[in-house]
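A short worksheet on the structure shown next.
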Amino acid sequence: MMNIAGLGRFAAATIVLSGLAFGSAVKAQEVSEEQLKASRAAIDAIGATAQFDNILPGLAERLKAGLIQDSPNYQDIISSTVDAQALALAPRRGDLEKEAALTYAKTFTVDELKAIAAFYSSDIGKKLLRDGPVASRETAKAADIWAQGISRDLEKQSNAILSKVIKAPPAATDSPVAPAPAPTAQQ
């Protein structure tokens, strides 16, 4: 189940990825330096791009594992080469930060970005980012328990009322012969 902070980060990731996908369209629109500054502050406050920190190391580890599996005798040279190339590519992380800032700048107004940064830089905003997932997880557990109870009570109460209105059909008989008519009074 998704929690509030997780949902916020998911939304942030969606915004960033949308920005990457449609970056050329976004770049075509003018963004002021004030918008970018406010955007960077908001992104820093919510940690919108922190979830992407492990992309390059993860790709490097995956590449090393595949190459070492193919050539296990060259583990040392493979590791050092891939690590060196990953470090050489690390400055390109700035491209992602620029795209994220541009995307946020186009998505929110300067005042909204300042409000986001102010809230998530405050003690309560930091607490929400830190403890929000735990609160969301506990709320989801409570909702599951509540839903089970309410479902049981809904069914029980509805059945009690409907059993008074909806009569059960007569029980089927094994005999295909119709019952004999009731005797009439003799004259």
Side-chain angles (χ1 to χ4, degrees), residues 1-68 75-76 78-147:
M1 177 145 304
M2 198 165 269
N3 55 48
I4 293 171
L7 185 60
R9 287 190 174 117
F10 175 76
T14 302
I15 290 169
V16 170
L17 293 175
S18 297
L20 291 173
F22 301 104
S24 61
V26 172
K27 285 180 181 177
Q29 300 174 353
E30 293 295 322
V31 174
S32 72
E33 193 56 40
E34 181 185 19
Q35 287 173 299
L36 287 174
K37 182 179 176 184
S39 178
R40 287 185 190 107
I43 288 169
D44 288 345
I46 62 175
T49 59
Q51 61 191 312
F52 305 124
D53 287 348
N54 292 326
I55 291 176
L56 182 56
L59 292 171
E61 289 302 318
R62 191 171 24 180
L63 179 60
K64 285 192 287 189
L67 292 172
I68 291 170
Q75 182 174 348
D76 290 341
I78 289 171
S79 291
S80 64
T81 301
V82 173
D83 286 345
Q85 294 307 307
L87 284 174
L89 292 171
R92 288 177 54 183
R93 172 58 194 266
D95 296 341
L96 178 60
E97 297 295 330
K98 288 176 188 172
E99 289 296 330
L102 193 59
T103 301
Y104 270 75
K106 298 304 293 181
T107 305
F108 299 100
T109 66
V110 171
D111 289 340
E112 291 169 337
L113 290 165
K114 287 179 178 177
I116 291 168
F119 176 74
Y120 284 102
S121 296
S122 70
D123 289 342
I124 190 66
K126 290 176 185 175
K127 183 174 176 81
L128 178 61
L129 288 173
R130 184 184 62 245
D131 298 339
V134 173
S136 293
R137 188 172 46 250
E138 293 302 317
T139 302
K141 286 180 186 175
D144 287 342
I145 293 168
W146 177 83

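All residue numbers in this chain count up from 1 along the given sequence. Computed over heavy atoms, backbone and side chain alike; hydrogens, waters and symmetry mates excluded.
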*Below 4.0 angstrom, N of the basic side chain to O of the carboxylate: do E99 and R92 qualify?*
no
_Rounded at 0.5 Å granularity, tell me how far CD in E97 sits from CZ in F52._
9.0 Å
*How many angstroms lie between atom OG1 of T81 and atom CG of L67, to the nearest 0.5 angstrom?*
9.5 Å
*Does a side-chain heavy-atom distance below 4.5 Å link D76 with S80?*
no
_Testing the basics here: between L129 and I46, what is the closest heavy-atom pair and its distance to 0.1 Å?_
CD1-CA, 4.1 Å
*Closest heavy-atom contact between V82 and A60?*
CG1-O, 3.6 Å
*Would a 4.5 Å heavy-atom cut-off, applied to side chains only, mark E112 and T107 as touching?*
no
*Atom CG in L59, atom NZ in K64: separation rounded to 0.5 Å?*
12.0 Å
*Nearest 0.5 Å please: distance from the OG1 atom of T139 over to the CG atom of D144.*
11.0 Å
*In Å and rounded to the nearest 0.5 Å, what is the CD to CG distance from Q35 to L102?*
9.0 Å
*Out of curiosity, L63 CG to E61 CD, how far, rounded to the nearest 0.5 Å?*
9.5 Å
*Above 12 or not: heavy atoms from other molecules or residues under 6.0 Å from NZ of K37?*
no
*Do the non-hydrogen side-chain atoms of Y120 and D44 ever get within less than 4.5 Å of each other?*
no
_S122 side chain to F119 backbone, donor-acceptor under 3.5 Å_ = yes
*Side-chain contact, heavy-atom cut-off 4.5 Å: R93 with T49?*
yes
*Minimum heavy-atom separation for S39 to A100, with atom names?*
OG-O, 4.1 Å
